[in-house]
Amino acid sequence: MAESIFQTLRKTEGERPISRNQDGVWVLLDYGDVVVHVFHEDARAYYELDRMWADAPRIHLPAPVESWATAQ
């Protein structure tokens, strides 16, 4: 999933992350204004980042299904 995000943003927007870290159960892609976290299910439950950011405003973005499918 993280690789798909990385490749899609690189191909469609020319964006590369400022930082890219992976430890096997957690991948972090830092794009400056946006940070992408992709967790294995157990790591997500352990770190509970959703709870830490519970008061942050949520931004709902439409999924560009066509661009995701063609980027792979």
Side-chain angles (χ1 to χ4, degrees):
M1 184 181 295
E3 185 63 24
S4 178
I5 293 167
F6 172 79
Q7 292 296 333
T8 299
L9 287 174
R10 184 180 60 79
K11 289 177 184 175
T12 63
E13 305 298 325
E15 293 289 334
R16 293 185 181 268
I18 297 166
S19 176
R20 183 178 179 180
N21 298 305
Q22 181 173 353
D23 76 354
V25 296
W26 183 355
V27 179
L28 183 140
L29 301 171
D30 183 353
Y31 287 92
D33 290 337
V34 174
V35 177
V36 178
H37 297 273
V38 180
F39 290 98
H40 183 276
E41 187 175 349
D42 294 338
R44 181 178 175 145
Y46 178 79
Y47 289 107
E48 296 184 13
L49 288 187
D50 295 321
R51 185 177 54 89
M52 180 187 301
W53 295 100
D55 60 341
R58 295 199 179 247
I59 300 170
H60 297 279
L61 303 173
V65 175
E66 293 172 16
S67 64
W68 284 102
T70 59
Q72 296 183 20

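Values below: every heavy atom of this structure, side chains too, minus hydrogens, waters and symmetry copies. One is the number of the first residue; the rest follow in order along the sequence.
In this structure, CZ on Arg16 lies 11.5 Å from CG on Leu9, to the nearest 0.5 angstrom. Arg58 contributes atom CZ, which lies 7.0 Å from atom NE2 of His60 (distance to the nearest 0.5 angstrom). Within the model, atoms CG of Asn21 and CG of Leu28 stand 6.0 Å from one another, a figure rounded to the nearest 0.5 Å.
The six-membered or imidazole ring of Trp26 lies near that of His37, with a centre-to-centre distance under 6.0 Å.
In terms of hydrophobic clustering, with Ile, Leu, Val, Met, Phe, Trp and Tyr side chains grouped at heavy-atom distances under 4.5 Å, Ile5 and Val27 are assigned to a common cluster. At a threshold of 4.5 Å between side-chain heavy atoms, the hydrophobic network of Ile, Leu, Val, Met, Phe, Trp and Tyr places Met1 and Val35 in two separate groups.
Within 6.0 Å of the CZ atom in Arg20, the count of heavy atoms belonging to other residues, nucleotides or ligands exceeds 12. The 12-atom threshold is exceeded at CD of Glu48, counting heavy atoms of other residues, nucleotides or ligands nearer than 6.0 Å.
Taking the side chain as every heavy atom from C-beta outward, Asp42 and Val25 never approach each other to under 4.5 Å. Contact of the Tyr31 side chain with the Phe6 side chain is registered, since non-hydrogen atoms from C-beta on lie closer than 4.5 Å.
Partner of Arg44 under the side-chain contact (heavy atoms from CB on, under 4.5 Å) criterion, chosen from Val38, Asp50, Leu49: Asp50.
The minimum heavy-atom distance between Leu29 and Ala2, with the atom names listed, is CD1-O, 3.7 Å.
With sequence neighbours excluded, no residue satisfies salt bridge (charged side-chain N to carboxylate O under 4.0 Å, His left out) with Arg10.
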